[in-house]
Amino acid sequence: MPLATATPQAGFGGQVVEEVRVGERRTLDRQRFSRLFEALAGAGYSIVGPTVRDGAIVYDQIRSVEDLPIGWTDRQSGGSYRLERRGDAALFGYTVGPSSWKKYLFPARERLWTATRIGDSFTVRPEPVEPTRLAFFGMRACELSALAVTDRVFAGGPVTDPGYRTRRSSILRIAVQCGQAGGTCFCVSMGTGPGVRDGADLVLTEILDAGPHRFLLEPRTEEGAAVLSRIASELVPAAAGEARIAEAIVARTAASMGRTMEATGLRELLRENLEHPRWQLVAARCLSCTNCTMVCPTCFCSAQEEVPDLDVTKVERWRRWDSCFNLAFTELHGASVRKTGLSRYRQWLTHKLGTWHDQFGTSGCVGCGRCITWCPVGIDLTEEIGAIRAGPGPAAAPGGKP
Amino acid sequence: MLADVAPDPTSSAAAGHPLAPLPYRVRAVATETADTTTLTIEPRSTRSVPAPAPGQFVMLYAFGVGESPIGVSAHRADGTLVHTVRNVGKVTSALARLTPGDTVGVRGPYGRGWPLQEARGQDLVIVAGGLGLPPLRPVLYEVFENRDRYGRVEVIYGARTPKDLIYYEELQSWRRRSDLRIQVTVDAAGRDWYGDVGVVTTRLPDVRFDGSRTSAFICGPEIMMRLTAQAVVARGVRPEATWVSMERNMKCAVALCGHCQFGPTFVCRDGPVLSYRALEPFLAVKEV
Ligand SMILES: Cc1cc2nc3c(=O)[nH]c(=O)nc-3n(C[C@H](O)[C@H](O)[C@H](O)COP(=O)(O)OP(=O)(O)OC[C@H]3O[C@@H](n4cnc5c(N)ncnc54)[C@H](O)[C@@H]3O)c2cc1C
Ligand code: SF4
Ligand code: SF4
């Protein structure tokens, strides 16, 4: 359906269309929520967001409200994830699943360049990366923090990743404040959520009670405001109490976190406990399956592959996600530096929570809980940190010889 | 939190990509030992990599095979680079097969090299084991060129056997110099070797320097660097003036791939040359 109010300035026939400005809260009815999709499409965005696939809520291309996991929720705990029906028709009544937005900025497999042999020399053509207008629809507070972390990794150092920067430059971040916490969430401990602070273009809060099913919308940037301006006539200025209702929703979520972790001094704690007996216990369980690194929204390690054609006149250089749990990751002089599962788990955890601070001035963990949920044996970093903090006492000691 | 990220100007096909190599022509190939070759290469076009500082490294690319981090053992103002490569695997064997006129790819230079600025006015203790000599050779060239900048200069170079010694002719000329002392030792030798036998640390007690105003530069296998660093620190060199060149698996060399991490450092960017002061707590732990 064409939108009569598609332009934020003057409409047809002298009718002045209202413009939504940054910071102005509006309410959108559930009945009219599809208008937001139309506004995004009208503004030239392709939309990616949560949708149900193979028994999980993942991020994928979505076209309409119906693609959202309407009335679904997820039940998560260490090593376990299940979808369940909710008693209502909430659009965002779940938390984060196995996929993260990272894959749209740092693809799991990506061609970096192609080299062609010319005579006895060669030329290299970098892979062109087009900025695509992608709307990340339904980012959670922890995920906005994860984005800020990968911004530092890929775009904050002396050498930046061209592909990441180009893709990152053209996304629209539509955040949703969580209405409930997942069983493995600990964003409160990490100071990343559940309320959305920085880094969003538009913030949504889904309101299911105290009146009709509706959404409180707050544009935080010009881009976010421009999208709302396209559907200004569908929006009503938020009533005085709406912001307080949203705050209460966030507070209720914050009070029901599935996990907690004391995050102060982690850098020092881990640095001083590289030989803590607890590593042996966790290493005895860890399968080095790499799941935790694949689902983590901030893990950034990669490998490169050289793919020549048959007569080696054209060569493609590919990059793919790698994991510090792979034995070959640290190969040097015919052997791996980190031969034991212990050293690989320790590298992962000390990097995430400790040395990330040295390298990037931030924690590498945003408390999303994915690594806990998707670990096949339910290894839980919050529990491991708790045990290391408890000191090398009997509770943490490996109980005899390993 | 970071401000919004701008698109990268280098991402267009016309401009370069930080991970794309530049073509260089192989000018000369010299055989050093049974498994080690020295390549002299020069830019094929008007584009060349910036001049490397002593101790920095580049990524050398064998077309159709892949890349390896390789130290720079000399360079000239015209863009010529010299690399000494030990043939241990896929990429290095392809590099070893190159002949004059062939093309090799280069990107870099990367990392932080030897802190020569800080070492001015000090005695230098330079200890190289095996292929640790190539990345230290530019330090010797700097010393020869600006001899008055440094105090006593003591060099120890060790190899497994006499057959494994590289830069043989040059070693002879260095031994004849009176402005530095170089000791050459091998781990094991037949009766036809008249030089020293023993690992590099056995030559240290002989070396004279003023510990409090000495910089030590050490490059070689990790265990050799650890023992040598301990020994020079025990002789009064400050741990923050004791430098080693670390080696780790590397894919990107620009702190994006994660492979080369050693404790808090990215060896490619923060190193490869790092102070013993920073490394000591991690070198003491297995499999960091
Ligand atoms: C900063 C730095 C400077 C270096 N300078 C030199 C140099 O001047 N001359 C030189 O000959 N070598 C140097 N190396 C080592 C060289 O990079 C490796 O020997 C080379 O990458 C091996 O690649 P390959 O494809 O030939 O071997 P592969 O076929 O990949 O593997 C052969 C063996 O080499 C090991 N290996 C893989 N990557 C490395 C690595 N980065 N370092 C050591 N072993 C590795 C593997 O474990 C494997 O067993 C340097 C390494 C670093 C990190
Ligand atoms: S380490 Fe685990 S909880 Fe932390 S951001 Fe990664 S996946 Fe989420
Ligand atoms: S911690 Fe769990 S998810 Fe991570 S590698 Fe080990 S077994 Fe796999």
Side-chain angles (χ1 to χ4, degrees), chain A residues 112-113 115 117 120-129 131 148 151-166 168-170 198-199 271 274-275 300-304 306 308 312 315 317 322 324 329-334 337-340 342-343 347 351 354-355 358-359, chain B residues 1-23 25 44-45 61-67 88-89 101-103 105 110 221-222 247-249 251-266 269-270 281-282 284-288:
Chain A
L112 298 178
W113 46 257
R117 187 188 289 280
D120 50 9
S121 186
F122 62 79
T123 58
V124 181
R125 181 177 158 274
E127 189 69 15
V129 181
D151 281 352
R152 289 188 185 216
V153 171
F154 288 109
V159 177
T160 58
D161 189 70
Y164 180 95
R165 285 183 59 176
T166 302
R168 171 71 177 82
S169 66
S170 54
D198 306 310
R271 202 177 174 130
L274 292 176
E275 316 239 48
F300 62 86
C301 290
S302 64
Q304 293 188 29
E306 181 92 350
V312 201
V315 175
R317 173 61 62 87
D322 200 351
C324 56
F329 192 79
T330 55
E331 238 184 34
L332 197 67
H333 306 301
V337 171
R338 300 189 200 108
K339 294 181 206 43
T340 58
L342 184 156
S343 65
Q347 166 60 23
H351 186 216
T355 53
D358 298 290
Q359 297 168 349
Chain B
M1 199 171 287
L2 244 144
D4 277 0
V5 174
D8 190 294
T10 65
S11 66
S12 74
H17 185 288
L19 300 181
L22 290 175
R25 179 190 293 107
R44 270 216 177 255
S45 67
Y61 171 53
F63 186 87
V65 184
E67 288 179 307
V88 296
D102 285 348
T103 295
Y110 295 121
E222 199 162 308
E247 207 183 315
R248 280 295 179 269
N249 190 300
K251 301 296 178 213
C252 74
V254 291
L256 292 175
C257 80
H259 282 251
C260 71
Q261 290 177 75
F262 182 66
T265 58
F266 284 104
R269 184 179 75 195
D270 310 322
F282 301 100
V285 180
K286 259 180 29 194
E287 302 194 9
V288 167

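Chain identifiers are assigned alphabetically (A, B, ...) following the order of the sequence lines, protein sequences preceding nucleic acid strands; residue numbering begins at 1 within each chain.
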For this session: Could you look at B:P221 and say if it's the side chain, the backbone, both or neither that has a heavy atom under 4.5 Å from chain A?
Result: neither
Problem set entry | Minimum heavy-atom distance between A:L332 and B:R248, given as atom pair plus value | CD1-C, 3.7 Å
Exercise. So, the side chain of A:Q347 versus the backbone of A:R338: is there a donor-acceptor pair under 3.5 Å, distance only?
Worked result: no
Problem set entry | Plane angle bin for A:F300 and B:F266 - parallel if under 30°, tilted between 30 and 60°, otherwise perpendicular | tilted
Seminar exercise, completed: Applying a strict 4.5 Å limit to non-hydrogen atoms, the region of A:E275 in contact with chain B is side chain
Problem set entry | Test item: side-chain donor near acceptor, A:E127 and B:H17, under 3.5 Å | no
For this session: Can you tell which part of B:R269 gets under 4.5 Å to a heavy atom of chain A, answering side chain, backbone, both or neither?
Result: side chain
Exercise. Do you know which of B:V88, B:D102, B:V288 has the most heavy-atom pairs with chain A at a distance under 4.5 angstrom?
Worked result: B:V288
Problem set entry | Max heavy-atom pair count under 4.5 Å with chain A, selected residue of B:G101, B:P281, B:G258, B:C252 | B:G258
Exercise. Side chain, backbone, both or neither: which part of B:A62 has a non-hydrogen atom closer than 4.5 Å to chain A?
Worked result: backbone
Exercise. Looking at B:Y61 versus A:F122, is the centre-to-centre ring distance below 6.0 Å?
Worked result: yes
Exercise. For A:K339, does its backbone N or O pair with a side-chain atom of B:E287 as donor and acceptor, under 3.5 Å?
Worked result: yes
For this session: Measure distances from A:T340 to the heavy atoms of chain B and classify the residue's part below 4.5 Å as side chain, backbone, both or neither.
Result: both
Problem set entry | Which portion of B:C260 sits near chain A, non-hydrogen atoms under 4.5 angstrom | neither
Exercise. Relative to chain A, which segment of B:E247 carries a heavy atom at a distance below 4.5 Å: side chain, backbone, both, or neither?
Worked result: both
Exercise. Does the B:H259 side chain pair with the main chain of B:A253, one donor and one acceptor, at a distance under 3.5 Å?
Worked result: no
Problem set entry | Segment of A:R317 engaging chain B (4.5 angstrom heavy-atom cut-off) | side chain
Problem set entry | Lys/Arg N to Asp/Glu carboxylate O, A:D120 vs B:R44, below 4.0 Å | yes
Problem set entry | For chain B, the option from A:D358, A:D322, A:V159, A:L274 that forms the most heavy-atom pairs under 4.5 Å | A:V159
